Number of protein chains: 2
Amino acid sequence: MTISLTEENYIKAIFYKSNSNNIGVSTNSLSNHLKNKASSVTDMLKKLADKKLIRYKKYKGVLLTLKGEKIAINIIRKHRLWEVFLMEKLNFSWDQVHDIAEQLEHIKSEELIKRLDSFLGKPTLDPHGDPIPDEKGKFNETKSIPLNECKILKEIIFIGVKNHTISFLKYLTSIGLGIGDKFKIEAINDFDNSYQIKVKKNNLVFISNDLASNILIKIKNE
Amino acid sequence: MTISLTEENYIKAIFYKSNSNNIGVSTNSLSNHLKNKASSVTDMLKKLADKKLIRYKKYKGVLLTLKGEKIAINIIRKHRLWEVFLMEKLNFSWDQVHDIAEQLEHIKSEELIKRLDSFLGKPTLDPHGDPIPDEKGKFNETKSIPLNECKILKEIIFIGVKNHTISFLKYLTSIGLGIGDKFKIEAINDFDNSYQIKVKKNNLVFISNDLASNILIKIKNE
DNA sequence: ATTATTTTTTAGACTCATCTAAATTTATTT
DNA sequence: AAATAAATTTAGATGAGTCTAAAAAATAAT
Ligand SMILES: [Mn+2]
Ligand SMILES: [Mn+2]
Ligand SMILES: [Mn+2]
Ligand SMILES: [Mn+2]
């Protein structure tokens, strides 16, 4: 059975929109995510259900089958491995890799991915701190919290981003923040819940609560 | 103007079928090459002509415009760079790279190709000895002759293949022949125009005329 | 110069992925 | 419990890319 590029993108979208609860993904949320009309989504859901990649009940939302989930995870694996390649080998910046990986993730060759994985040293995290599932589809999730949930002045490690837009990533770069960096919360303004942090020897940086909610961290020594 | 993957494959096919003489490529030859029906080819030729990528006169065959040619050469450049990547960095063998490169050549990012080119050390030849056009589209052709045109017992350098099928490439590998190898013609059988050659310290290998016609060589010290 | 053959184009149909507009179902308010 | 609003599906249409069958043009053979 062959799966088209379009079908792959639907499968991936369903995976991303799936909650850990067993509640089905709604047609509208897929419609928004994929920027297709809801009626187009319905058409595709019927097709994916025929192929046993999803479980679909009219009006009731949709869930991936095991088969569908495997496909989704494999695409994500490919996407993130290519992102590592683009960053580590071709020196792209972390805000440039996603769009190109969106294309590369659809290249069909299991052997290619196996070799790419080895070539890159079997990385476990992509340039944005997201875990790369292994060949069997296992994610190695490191638990993190958004910076704005941290209410104490602590030493912090920056381990991921919730927002993946180019402008957000570029902004973080501009204030000297990269994945793995340690920084210190110097002050929390309890009026607007904004932060002042100090990255290495840089000056203090002001971070709005909105920004802080998209910065995923781990508290040092914990 | 965007060019679809399908259109790219037609443009590439037209480029490959173009003779150095200014004779148009026929509908049937494209039909054979692409394994599409002639009627489908005609449809696409109309579309490509509308986009000014080809010059097309009904019943008269087709020629690439300068614009079309540029696109064709760029696709070939991408294809061959990816082949080098697959072979040099991911250790694929020369018979495995083509099919994957057929997919990779359609990835759209000029920046990606620029960086890939640098990463690979700006190679000028692909794994099959074919020239890689530079950023400006210039090919650096090295002149070669098919082995079966060489009628004297000489020292030879193997510099390319005319046939790119997996089975042919695998066979060459099995007799110890790889691009750049030097070998000596030990005998030419004038009954069937077959060859006996000696690769390095290996035993003698018998090469049929048919095989020899697909082996591109350069005579050593000439 | 006709006739026959081959090549190419046209006509009409199909699948995939999408859309708009209308109908239907589900959820929310009164 | 109706009425209203929101979400979802159905119906019908479109463009890209393909196909088969038939018509037309170009070539080759008599
Ligand atoms: Mn990404
Ligand atoms: Mn990522
Ligand atoms: Mn190739
Ligand atoms: Mn090649």
Side-chain angles (χ1 to χ4, degrees), chain A residues 1-14 17-19 21-64 68 71-72 75 102-103 105-106 108, chain B residues 1-14 17-19 21-64 68 71-72 75 102-103 105-106 108:
Chain A
M1 185 203 39
T2 78
I3 297 170
S4 72
L5 186 147
T6 312
E7 289 170 336
E8 286 192 347
N9 282 332
Y10 271 90
I11 294 283
K12 195 169 51 131
I14 295 165
K17 290 291 181 182
S18 293
N19 306 306
N21 3 338
N22 236 35
I23 203 99
V25 178
S26 75
T27 301
N28 260 2
S29 82
L30 291 171
S31 168
N32 290 329
H33 186 96
L34 292 161
K35 288 167 191 342
N36 284 342
K37 298 297 167 183
S39 54
S40 307
V41 173
T42 302
D43 283 349
M44 182 57 86
L45 294 184
K46 286 177 188 166
K47 207 163 23 134
L48 294 176
D50 286 347
K51 290 191 172 186
K52 313 272 187 212
L53 300 175
I54 61 173
R55 241 183 305 282
Y56 169 58
K57 283 253 168 88
K58 268 190 195 181
Y59 297 101
K60 295 298 176 194
V62 68
L63 286 172
L64 289 175
I71 290 167
I75 300 168
E102 283 290 300
Q103 298 180 61
E105 72 188 7
H106 300 290
K108 283 178 172 51
Chain B
M1 187 201 37
T2 81
I3 298 171
S4 74
L5 187 147
T6 311
E7 290 170 334
E8 286 192 347
N9 282 332
Y10 271 90
I11 294 284
K12 195 169 50 130
I14 295 166
K17 291 291 181 183
S18 293
N19 306 305
N21 4 338
N22 236 37
I23 204 100
V25 179
S26 76
T27 302
N28 261 1
S29 82
L30 291 171
S31 169
N32 291 329
H33 186 96
L34 292 161
K35 286 163 191 345
N36 283 340
K37 297 297 168 187
S39 54
S40 307
V41 173
T42 301
D43 283 350
M44 181 56 87
L45 293 185
K46 286 176 187 166
K47 207 161 26 130
L48 294 176
D50 286 347
K51 289 190 172 186
K52 313 272 186 211
L53 300 175
I54 61 173
R55 240 183 306 281
Y56 169 58
K57 281 253 169 87
K58 268 190 192 181
Y59 297 101
K60 296 296 177 196
V62 68
L63 287 171
L64 289 174
I71 290 166
I75 299 168
E102 283 290 300
Q103 298 179 61
E105 72 187 8
H106 300 290
K108 282 176 173 51

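Computed from a predicted model, the values in this text were never measured in an experiment. Letters A, B, ... are given to chains in the order of the sequence lines, protein chains preceding strands, and every chain is numbered from 1.
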N/O donor-acceptor pairs under 3.5 Å from side chains in residues 34-43 of chain A, not counting sequence neighbours:
unit_1, atom_1, unit_2, atom_2, d
A/N36, ND2, A/Y10, OH, 3.0
A/T42, OG1, A/A38, O, 3.2

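- A straight line from NZ of A/K57 to P of C/dT25 spans 17 Å, rounded to a whole angstrom.
- Shown here are the side chain to side chain contact (heavy atoms under 4.5 Å, CB included) partners of A/K60, two or more places apart in sequence or in another chain: A/K57.
- When each of A/K58 and A/Y10 is assigned the nucleotide of DNA chain C with its nearest heavy atom, A/Y10 is the one assigned upstream, toward the 5' end.
- For the atom pair CD1 of A/I54 and OG of A/S18, the computed distance is 10.5 Å after rounding to the nearest 0.5 Å.
- Among residues two or more places apart in sequence or in another chain, the side chain to side chain donor-acceptor pair (under 3.5 Å) test is passed with B/K17 by none.
- The side chain to side chain donor-acceptor pair (under 3.5 Å) test applied to A/H106 returns A/E8, A/N9, not counting sequence neighbours.
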What protein N or O atoms touch nucleotides 22-25 of chain D N or O atoms at under 3.5 angstrom, if any, and at what distances?
unit_1, atom_1, unit_2, atom_2, d
D/dA25, O4', B/Y59, OH, 3.3

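- Listed by chain and residue number, B/E7 satisfy the side chain to side chain donor-acceptor pair (under 3.5 Å) test with B/K51 (two or more places apart in sequence, or in another chain).
- Partners of A/L63 by side chain to side chain contact (heavy atoms under 4.5 Å, CB included), not counting sequence neighbours, listed by chain and number: A/N22.
- Distance B/M1 CE to D/dA16 C1': 16 Å, rounded to the nearest Å.
- Within residues 37-46 of chain B, the residues approached by DNA chain D to less than 4.0 Å at the level of any non-hydrogen atom are B/K37, B/S39, B/S40, B/D43, B/M44, in residue-number order.
- The distance from atom CD of A/E7 to atom P of C/dT15 is 15 Å, rounded to the nearest whole Å.
- Shown here are the side chain to side chain contact (heavy atoms under 4.5 Å, CB included) partners of B/K58, two or more places apart in sequence or in another chain: B/Y56.
- Rounded to whole Å, atom P of D/dA16 lies 10 Å from atom CG of B/D50.
- The local environment of NZ in B/K108 is crowded, with over 12 non-hydrogen atoms from other residues, nucleotides or ligands closer than 6.0 Å.
- Neither OP1 nor OP2 of C/dT8 sits under 4.0 Å from any side-chain N or O of B/K60.
- Listed by chain and residue number, nothing satisfies the side chain to side chain donor-acceptor pair (under 3.5 Å) test with A/Q103 (two or more places apart in sequence, or in another chain).
- The stretch residues 23-33 of chain B comes close to DNA chain C through B/S26, B/T27, B/N28, each having a heavy atom under 4.0 Å from the strand.
- Scored by the side chain to side chain contact (heavy atoms under 4.5 Å, CB included) test, A/N19 finds A/N21, A/I23 as partners (sequence neighbours excluded).
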